[in-house]
Amino acid sequence: MNFSKIEVVTSRSDLSALKEGLSKQKVSGMTVYQVIGCGVEKGTREYEPEIHEKMELLPKQMIMVIVEVDKVDDVIELIKKELYTGHIGDGKIFVSPVSRVIRVRTGEDLFSQQTKQKRQCHSCPYG
């Protein structure tokens, strides 16, 4: 099974509808970071008449989800629907392939064909 990482940088907004929609689409995890940044407008707010010469970093949030490749388009449509306001700062969506996932607790390589075969190791709990 192939996975993709979807990262969204958006202005701070209520995520309850997005979380509910992702749950309905069987997305099982979500990470949200509080970040600062700016896009092509260099941090210019919509009500300001001129674009800033220097970048101004504004409070934003970054949302990350890992989904099966066949769910990517549906998840992107949901994100666009739930975060759209039509104003500067609605955000950007980035999609990239995930080449490997390792579960820290067990050491299991979730993409490996040999996840069931563990090495014997006495100093670590996962083989």
Colleague: Would you check if Val9 and Phe94 make a side-chain contact, meaning some heavy-atom pair closer than 4.5 Å?
Modeller: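 When only atoms from C-beta onward are counted, Phe94 and Val9 do touch, with a gap below 4.5 Å.
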
Colleague: Would the distance check show the side chain of Asp90 and the main-chain N or O of Tyr84 forming a donor-acceptor pair, the cut-off being under 3.5 Å?
Modeller: no

Colleague: Could you measure the distance from the CD1 atom of Ile93 to the CD atom of Glu77? Nearest 0.5 Å is fine.
Modeller: 8.0 Å

Colleague: Do Phe3 and Val75 belong together in a cluster built from hydrophobic side chains that touch within less than 4.5 Å?
Modeller: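 In one cluster: no.
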
Colleague: Nearest 0.5 Å, what's the CD1-CG distance between Ile66 and Leu110?
Modeller: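 With rounding to 0.5 Å, CD1 (Ile66) is 11.5 Å from CG (Leu110).
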
Colleague: Taking Val98 as the starting point, is it possible to reach Ile102 by hopping between hydrophobic residues whose side chains are less than 4.5 Å apart?
Modeller: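 Shared cluster, no.
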
Colleague: Answer whether the closest heavy-atom distance between the side chains of Gln61 and Leu15 falls below 4.5 Å.
Modeller: yes

Colleague: Is there a path of hydrophobic side-chain contacts, each under 4.5 Å between heavy atoms of I, L, V, M, F, W or Y residues, that connects Val35 with Met64?
Modeller: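 They do share one cluster, since a chain of ILVMFWY contacts under 4.5 Å joins Val35 to Met64.
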
Colleague: Mind listing the closest non-hydrogen atom pair of Leu78 and Gly21 along with its distance?
Modeller: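 Looking at all heavy atoms of both residues, the shortest contact is CD2-C, 3.3 Å.
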
Colleague: Give the minimum heavy-atom separation between Val95 and Ser4, together with the two atoms involved.
Modeller: CG1-CB, 4.1 Å

Colleague: Do Leu58 and Leu83 belong to the same hydrophobic cluster, where Ile, Leu, Val, Met, Phe, Trp and Tyr are linked whenever their side-chain heavy atoms lie under 4.5 Å apart, directly or via other members?
Modeller: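 Per the 4.5 Å side-chain linkage, Leu58 and Leu83 are not co-clustered.
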
Colleague: Counting C-beta onward and ignoring hydrogens, is there a side-chain heavy-atom pair between Lys26 and Lys71 closer than 4.5 Å?
Modeller: yes

Colleague: Grab the two heavy atoms, one from Lys60 and one from Gly89, that are nearest each other, plus how far apart they are.
Modeller: NZ-CA, 4.4 Å

Colleague: Can you measure from CD (Glu82) to CD (Glu20) and round to the nearest 0.5 angstrom?
Modeller: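 Separation between the atoms: 8.5 Å.
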
Colleague: In Å and rounded to the nearest 0.5 Å, what is the CG to CZ distance from Asp109 to Arg100?
Modeller: 4.5 Å

Colleague: State, yes or no, whether a side-chain contact exists between Met30 and Leu22 at a heavy-atom distance under 4.5 Å.
Modeller: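 Met30 vs Leu22: side chains touch.
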
Colleague: Let me confirm one number: the CD1-CE distance from Ile36 to Met62, rounded to the nearest 0.5 Å.
Modeller: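 Result: 12.5 Å between the selected atoms.
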
Colleague: Is any side-chain heavy atom of Ile63 less than 4.5 Å from a side-chain heavy atom of Thr31?
Modeller: no

Colleague: Counting heavy atoms not belonging to Asp73, are there more than 12 under 6.0 Å from its CG?
Modeller: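 No, CG of Asp73 has 12 or fewer neighbouring heavy atoms, counting only those of other groups under 6.0 Å.
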
